[in-house]
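Notes follow the structure.
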Amino acid sequence: MTFDLSGHTALVTGSSRGIGSAIALELANAGASVIVHSSKPSAVADDMAAKINALGKLQAVIAADLSKPEEVVSMKRDLPEIDILVLNASIQIRKPWRDITIEEYTTQMNCNFLASLLLIQHCAGYMQERKWGRIVTIGSVQELKPHPDMLVYSSSKCAQAGMARSLASQLAGYGITVNNVAPGVIYTDRNKEAFADEEYAKSVRKSIPLGYYGEKEDLAGIVRLLCSEEGRYITGQDIFVDGGKSL
Ligand code: NAP
């Protein structure tokens, strides 16, 4: 099989729904054992786990709120050895920049940056021992085109992409690649309420050169490629999957 991931174990954070769920399913279809993660136990997380279990590829189901460092610490204790780490969960708070509180700053930075760093620190040791590993952070088109009311969110994605670039050089000697994949406008639970307003939806579609939103599955193929042997020579890259929105 091309892009085969048999024999590997993948954690995809925020894989109960949205983009993370499509990535988790794709990695399981490619043969990886997958850990489904959500912020809290839920029926959607259980449904996702059942889909992966039906493929015979469910390694575990884990709930942890990544905006709380103490939950990241206890999550690490429950993790098996992982050689594919996809850091997809994020928090996005929409607010004019002058009104952002310290708590809102901390919540977003904890989930979108600190948790990624802590999970990489935890998982990289095993990858280094194996001399093989794949780390993919999920960024955003907002690294290049920040929404004015999402200052902390867009900055957190820049910080995470910077971390991926730094670690790509530091881990390359161990056969570990580190890349950031940056979605554009992808239709998920996160934005479906905003897109219920047809006028707003029309203006957003107009800002996308391809003229339509992406689907959650649009990210899955590139992540599978990056995690496979065929992707072994790609590292330190920031890959935009955005219908041209970053242009
Ligand atoms: P989504 O549909 O809102 O799903 C978010 C996922 O993250 C869920 O599995 C959720 O778990 C988990 N999550 C949320 N808060 C968490 C927390 N505090 N701790 C742990 N897990 C948490 O999101 P999405 O649209 O698929 O976005 C996925 C990634 O793509 C994010 O990094 C986002 O920034 C990025 N992105 C998305 C778009 C877009 O247009 N959708 C654009 C650019 C970038 P629960 O089910 O427990 O809530």
Side-chain angles (χ1 to χ4, degrees), residues 3 5-16 18-28 30-39 48 52 57-64 66 69 71-90 110-139 156-157 159-172 174-183 219-220 222-229 231-232 234-239:
F3 310 125
L5 300 179
S6 305
H8 297 295
T9 302
L11 166 64
V12 183
T13 65
S15 45
S16 50
I19 292 167
S21 68
I23 292 171
L25 210 49
E26 182 70 22
L27 300 187
S33 294
V34 172
I35 299 159
V36 173
H37 162 263
S38 59
S39 68
M48 194 53 217
I52 291 184
K57 289 292 165 191
L58 183 66
Q59 176 81 30
V61 191
I62 293 184
L66 300 186
E71 292 204 19
V72 183
V73 170
S74 58
M75 170 182 177
K76 289 194 304 188
R77 284 197 286 268
D78 294 336
L79 287 178
E81 287 166 330
I82 284 160
D83 56 5
I84 296 176
L85 178 59
V86 181
L87 297 157
N88 164 78
S90 86
N110 279 357
C111 182
N112 307 359
F113 182 80
L114 178 61
S116 298
L117 171 62
L118 294 175
L119 288 171
I120 294 171
Q121 284 175 334
H122 180 76
C123 296
Y126 174 66
M127 296 182 195
Q128 285 174 299
E129 266 169 39
R130 285 200 71 187
K131 297 243 173 286
W132 194 97
R134 296 289 187 262
I135 299 169
V136 180
T137 54
I138 301 298
S156 72
K157 292 297 191 178
Q160 191 183 233
M163 171 166 63
R165 208 174 148 73
S166 172
L167 291 176
S169 323
Q170 300 188 60
L171 296 173
Y174 299 96
I176 301 169
T177 67
V178 190
N179 290 286
N180 186 64
V181 173
L219 279 295
I222 184 68
V223 175
R224 178 172 175 175
L225 163 66
L226 291 172
C227 294
S228 67
E229 264 326 287
R232 69 178 189 164
I234 308 169
T235 196
Q237 300 306 302
D238 197 352
I239 300 166

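In this text the structure is predicted, and so the values were computed from the model without any measurement.
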task: Begin from the C-alpha positions of Leu219 and Val181 and carry the test side chain to side chain contact (heavy atoms under 4.5 Å, CB included) through to its verdict.
output: CA-CA 8 Å; Leu219 279 295; Val181 173; 3.5 Å; yes

- prompt: Do Ile35 and Val61 pass the side chain to side chain contact (heavy atoms under 4.5 Å, CB included) test, and can you show the C-alpha distance, the side-chain angles, and the key distance before you say yes or no?
  reply: CA-CA 6 Å; Ile35 299 159; Val61 191; over 6 Å; no

- request: Check the pair Ile52, Leu25 against side chain to side chain contact (heavy atoms under 4.5 Å, CB included), reporting the backbone distance first and the verdict last.
  value: CA-CA 6 Å; Ile52 291 184; Leu25 210 49; 4.0 Å; yes

- request: For the pair Ile135 and Thr177, evaluate side chain to side chain contact (heavy atoms under 4.5 Å, CB included) and give the outcome as yes or no after the intermediate values.
  value: CA-CA 6 Å; Ile135 299 169; Thr177 67; over 6 Å; no

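Residues Ser116 and Gln160 share a closest heavy-atom pair of OG-OE1, 2.7 Å. Ala24 and Val34 make their closest contact through O-CG2, 3.7 Å (heavy atoms, listed as atom of the first residue, atom of the second, distance). Taking all atoms of both residues into account, the shortest heavy-atom contact from His37 to Gly14 is ND1-N, 2.9 Å. Across Arg134 and Ile176, no two heavy atoms sit closer than the pair N-CG2, 4.5 Å. In terms of heavy atoms, Ala168 sits closest to Thr235 at CB-OG1, 3.6 Å.
In this view, Ala182 and Glu143, Asn180, Asp238, Phe240 satisfy the side chain to side chain contact (heavy atoms under 4.5 Å, CB included) rule, not counting sequence neighbours. Residues satisfying the side chain to side chain contact (heavy atoms under 4.5 Å, CB included) test with Ala22, not counting sequence neighbours, are Lys216, Glu217. Shown here are the side-chain hydrogen bond (donor to acceptor under 3.5 Å, both in side chains) partners of Arg232, two or more places apart in sequence or in another chain: there are none. Under the side-chain hydrogen bond (donor to acceptor under 3.5 Å, both in side chains) criterion, Arg224 pairs with Glu26, not counting sequence neighbours. For the side chain to side chain contact (heavy atoms under 4.5 Å, CB included) test, residues two or more places apart in sequence or in another chain that qualify with Ser33 are Thr9, Gln59. Ser38 is linked by a side-chain hydrogen bond (donor to acceptor under 3.5 Å, both in side chains) to nothing, counting only residues two or more places apart in sequence or in another chain. Looking at residues two or more places apart in sequence or on another chain, you find no side chain to side chain contact (heavy atoms under 4.5 Å, CB included) involving Ala172. The side-chain hydrogen bond (donor to acceptor under 3.5 Å, both in side chains) search around Ser16 returns none, not counting sequence neighbours.
Residues Leu11 and Leu79 meet the side-chain proximity criterion, which asks for heavy atoms closer than 4.5 Å. Val136 has its side chain out of reach of Leu87: every pair of non-hydrogen atoms, C-beta onward, lies at least 4.5 Å apart. Side-chain contact check for Phe113 versus Thr137: every heavy-atom pair is 4.5 Å or farther apart.
Between the side chain of Asn112 and the backbone N or O of Ser156, no donor-acceptor pair lies under 3.5 Å. Side chain of Asn179 to main chain of Ile234: a donor-acceptor pair is present (N/O by atom type, distance under 3.5 Å, no hydrogens or angles).
Applying the side-chain hydrogen bond (donor to acceptor under 3.5 Å, both in side chains) test to residues at least two apart or on different chains, the pairs with a partner in residues 78-87 are His8-Asp83, Asp83-Arg130.
More than 12 heavy atoms of other residues, nucleotides or ligands sit less than 6.0 Å from atom CZ of Phe3.
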May I have the list of side-chain donor-acceptor pairs in residues 119-129 shorter than 3.5 Å, sequence neighbours left out?
from: His122; atom 1: NE2; to: Lys76; atom 2: O; distance (Å): 3.3

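The structure places CG of Asn88 at 7.5 Å from OG of Ser15, a figure rounded to the nearest 0.5 Å. Here Ser90 contributes atom OG and Leu66 contributes atom CG; the two are 10.0 Å apart, rounded to the nearest 0.5 Å. Expressed to the nearest 0.5 Å, how far CD1 of Ile23 lies from OG1 of Thr13 amounts to 9.0 Å. A distance of 9.0 Å separates CE in Met163 from CG in Leu114, rounded to the nearest 0.5 Å.
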